[in-house]
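Before any comments, here is the structure.
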2 protein chains.
Amino acid sequence: MNDFSSSMAFLQRVAEVAEQEGHHPDLHLEGYRNVWIEIFTHSTGGITERDLQLGARIDALARGGRVV
Amino acid sequence: MNDFSSSMAFLQRVAEVAEQEGHHPDLHLEGYRNVWIEIFTHSTGGITERDLQLGARIDALARGGRVV
């Protein structure tokens with residue numbers, strides 16, 4: 001990300017997608033502009049279809065695409 | 001925090017305070033409602049007066065107080 005505020009704006013959009021999916025990743029903003037996101041299903045102890053779907057939508061966001 | 005959206009709302013307020021202070025902490029939201037925040041001045045390799053000031057304002061936010 002370019003800076004702190006654009007990183008926060010991105011995380012806000014990620015959070016909106018997460019709410020839509022009903023699936024909540026861990027979010028991190030470090031060094032004022034480095035964002036990383038962890039997606040994991042704790043109940044199964046692994047990666048599920050829901051994780052992949054959320055990841056794909058976040059990936060589209062990060063690429064600046066529209067997310068529907 | 002109670003849930004993911006209130007955690008994000010809190011981080012958003014923290015980010016606004018950080019922008020006002022021109023000092024940007026590391027932000028983490030884990031396990032959908034656990035927020036932790038790291039405040040550190042990398043250039044000096046330690047804790048400075050600015051860190052303490054930002055910390056005090058974030059602490060006030062966390063207690064639900066008004067932050068001016």
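The shown structure was predicted, so the numbers you read here are calculated from the model rather than taken from an experiment. All values below were derived from every heavy atom in this structure, side-chain atoms included, with hydrogens, water molecules and symmetry-related copies excluded.
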Transitive ILVMFWY side-chain link B/Phe40 to B/Ile37, under 4.5 Å: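 No, separate clusters.
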Verify same cluster id: B/Ile58, B/Trp36 (apolar side-chain graph, 4.5 Å):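 Shared cluster, no.
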Considering all heavy atoms, the nearest A/Met8-B/Leu11 contact: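 Of all heavy-atom pairs spanning A/Met8 and B/Leu11, the closest is CE-O, 3.7 Å.
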Minimal non-hydrogen separation, B/Phe4 against A/Pro25, with atom names: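 Heavy-atom minimum between the residues: CE1-O, 3.7 Å.
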Point-to-point distance, once rounded to the nearest 0.5 Å, from CG of A/Leu29 to CG of B/Leu29: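 That separation rounds to 11.5 Å.
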Heavy-atom neighbours of A/Glu49 CD exceed 12 at 6.0 Å: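 Not buried by this count: 12 neighbours or fewer within 6.0 Å.
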Per-residue contact mode, B/Ala18 against chain A (heavy atom under 4.5 angstrom):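 For B/Ala18, the side chain is the part near chain A, not the backbone.
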